[in-house]
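Positions are given from 1, in the same order as the sequence printed here.
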Amino acid sequence: MLFLHIGLHKTGTTFLQQAVFPKWKGIHYIPEDKLEFLVRMDGAQDYLLSREGLSGKNWAHAEERAKNIACLAGLFPLAKVLISFRKHSSFIVSSYKQYLQQGGYLAFEDYFDLNADRGFMKQEDFLFRNKMDLVDQLFEPSPFVMLYEDITKNLAYLLPALERYMGGTAPAVEDIKLGRRNKSVGYYPAKLLRYLNGKSFSKLNDQGKYDLYNWRLKRLGLDPRSICQYKLGFLPDRPILNAEQLKQIDNLYADDWAYIKERAASCGNAH
């Protein structure tokens, strides 16, 4: 049996990949640099592949993500899927920060327009139920749904349910070390990063005049991302959106989030 953990991005995936899945007994975890194991699988054994990009890149539009999931189902139609979600307001803000870290330069309101829906990312792109419906349609076994808050704060509830779904033996919570987390970019470094990305040529900005992400600057840690994400971490931070804006986003997706919580509860890992 092959288990596929397909993200989404920014939902605790790195933590699972580094601290949980490699310690799972009875299931062979396939690291991203060992994908050749896919052609060496023993049909009598169980395997787990975890890559958030399997369902599309962080800022994938709805149609692109649907295409990726359909392609994945075509390759592994009998796989059992694990999929993780995060409350919409937190997820969208985190998605935007990752967009900046990858070379994006748009202001938040141009990345995601809450009112007129004219942003780079559309409101439809963040509808979780659409992704769930597609997984339900293309993969015969029902997927296992995880919530970011359970991955990061409630492993004692999550791991037994995941163990029932996958089999094998989950690591004990006390044996799991948090380790290094992905470092996000703060408010003021994000503003500088957006400015520098606007000047730099990248996949997200083909109008940029300068190559600020060349290999020499990256090696020295002097590219915009390295400077803003790591070297300016000492700057005071503040939220990108205020409480009212976050509430508006959550209100917009209230039904969608309620559905995801119901799906997680049906898997036995909500409390």
Side-chain angles (χ1 to χ4, degrees), residues 1-56 58 69 72 75-76 78-87 90-91 94-95 98 128 131-132 135-136 139-184 257 260-271:
M1 172 61 68
L2 175 63
F3 296 93
L4 293 175
H5 177 214
I6 63 173
L8 302 175
H9 289 81
K10 319 308 294 182
T11 57
T13 51
T14 299
F15 170 67
L16 291 175
Q17 291 158 358
Q18 294 181 350
V20 178
F21 291 153
K23 297 181 179 181
W24 206 283
K25 296 180 180 179
I27 296 179
H28 301 278
Y29 176 58
I30 304 176
E32 62 179 279
D33 61 342
K34 302 294 183 182
L35 294 183
E36 67 270 20
F37 285 4
L38 288 171
V39 297
R40 303 180 190 172
M41 290 191 299
D42 181 345
Q45 303 293 321
D46 292 329
Y47 297 83
L48 168 62
L49 174 60
S50 174
R51 288 291 292 162
E52 51 271 45
L54 289 173
S55 63
N58 177 49
I69 294 176
L72 194 62
L75 292 171
F76 308 105
L78 300 180
K80 299 182 73 173
V81 171
L82 318 178
I83 187 166
S84 43
F85 296 96
R86 183 173 182 171
K87 197 171 186 180
S90 174
F91 178 72
S94 187
S95 168
Q98 184 68 25
F128 296 156
K131 301 170 182 60
M132 284 299 308
V135 171
D136 286 336
F139 292 89
E140 184 175 344
S142 182
F144 186 88
V145 179
M146 297 180 283
L147 304 181
Y148 173 76
E149 61 185 10
D150 289 328
I151 294 172
T152 56
K153 299 178 181 179
N154 300 312
L155 282 178
Y157 293 91
L158 174 63
L159 292 182
L162 188 54
E163 185 180 84
R164 290 191 295 271
Y165 184 81
M166 293 200 305
T169 304
V173 174
E174 57 270 21
D175 293 334
I176 296 174
K177 296 181 179 180
L178 187 59
R180 181 181 64 86
R181 286 191 176 189
N182 284 337
K183 182 177 178 60
S184 182
W257 183 240
I260 293 301
K261 291 182 69 175
E262 289 178 4
R263 291 296 300 262
S266 72
C267 296
N269 61 306
H271 64 281

Exercise for review: I would like to know whether L155 and I176 meet side chain to side chain contact (heavy atoms under 4.5 Å, CB included); could you show each step before the answer?
Suggested key: CA-CA 10 Å; L155 282 178; I176 296 174; 4.0 Å; yes
Point to revise | Pair D136-K131, salt bridge (charged side-chain N to carboxylate O under 4.0 Å, His left out): steps then yes or no | key: CA-CA 9 Å; D136 286 336; K131 301 170 182 60; over 6 Å; no
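Put simply, the side chain of V81 does not reach to within 4.5 Å of the side chain of F76, judged on heavy atoms. With contacts defined as side-chain heavy-atom distances shorter than 4.5 Å, the pair F144/F3 does not qualify. Counting heavy atoms from C-beta outward, M166 and L82 have side chains that approach closer than 4.5 Å. Within the 4.5 Å cutoff, the side chain of F139 has heavy atoms near those of the I69 side chain. Contact of the I30 side chain with the L48 side chain is not registered, since no non-hydrogen atoms from C-beta on lie closer than 4.5 Å. Under the 4.5 Å side-chain criterion, counting only non-hydrogen atoms from C-beta, L54 is in contact with L49.
One finds the CZ atom of F85 at 6.5 Å from the CZ atom of F128 (value rounded to the nearest 0.5 Å). The NE2 atom of H9 sits 7.5 Å away from the CZ atom of R51 when rounded to the nearest 0.5 Å. Considering CZ of R86 and OG of S94, their distance stands at 4.0 Å, rounded to 0.5 Å.
The residues K80 and D46 are annotated as not salt-bridged, no charged nitrogen and carboxylate oxygen being separated by less than 4.0 angstrom.
Of all non-hydrogen atoms in P143 and C267, the two that sit nearest each other are O-SG, 3.8 Å. Residues M146 and L162 come closest through the heavy atom pair SD-CD2, 4.4 Å. Contact detail for A264 and L147: the closest heavy-atom pair is CB-CG, 3.8 Å. The minimum heavy-atom distance between G12 and I151, with the atom names listed, is O-CG2, 3.8 Å. Considering every non-hydrogen atom in both L8 and T13, the closest pair reads O-CG2, 3.3 Å. A79 approaches L4 most closely through the heavy-atom pair CB-CD1, 3.7 Å.
Without hydrogens or angle criteria, T152 side chain to Y148 main chain gives a donor-acceptor distance under 3.5 Å. Under a 3.5 Å cut-off, the side chain of D150 and the backbone N or O of L158 do not form any donor-acceptor pair. Side-chain atoms of W24 do not come within 3.5 Å of backbone N or O of E163 as any donor-acceptor pair. Remark: the backbone N or O of I6 is paired with a side-chain donor or acceptor of S55 at under 3.5 angstrom.
A search for side-chain contact (heavy atoms from CB on, under 4.5 Å) contacts involving Q45 returns H28, D42, Y47, not counting sequence neighbours. Remark: T11 pairs with S84 by the side chain to side chain donor-acceptor pair (under 3.5 Å) rule, at least two apart or across chains. Residues satisfying the side chain to side chain donor-acceptor pair (under 3.5 Å) test with S50, not counting sequence neighbours, are H5, Q17.
Shown here is K23, whose NZ atom has more than 12 heavy atoms of other residues, nucleotides or ligands within 6.0 Å.
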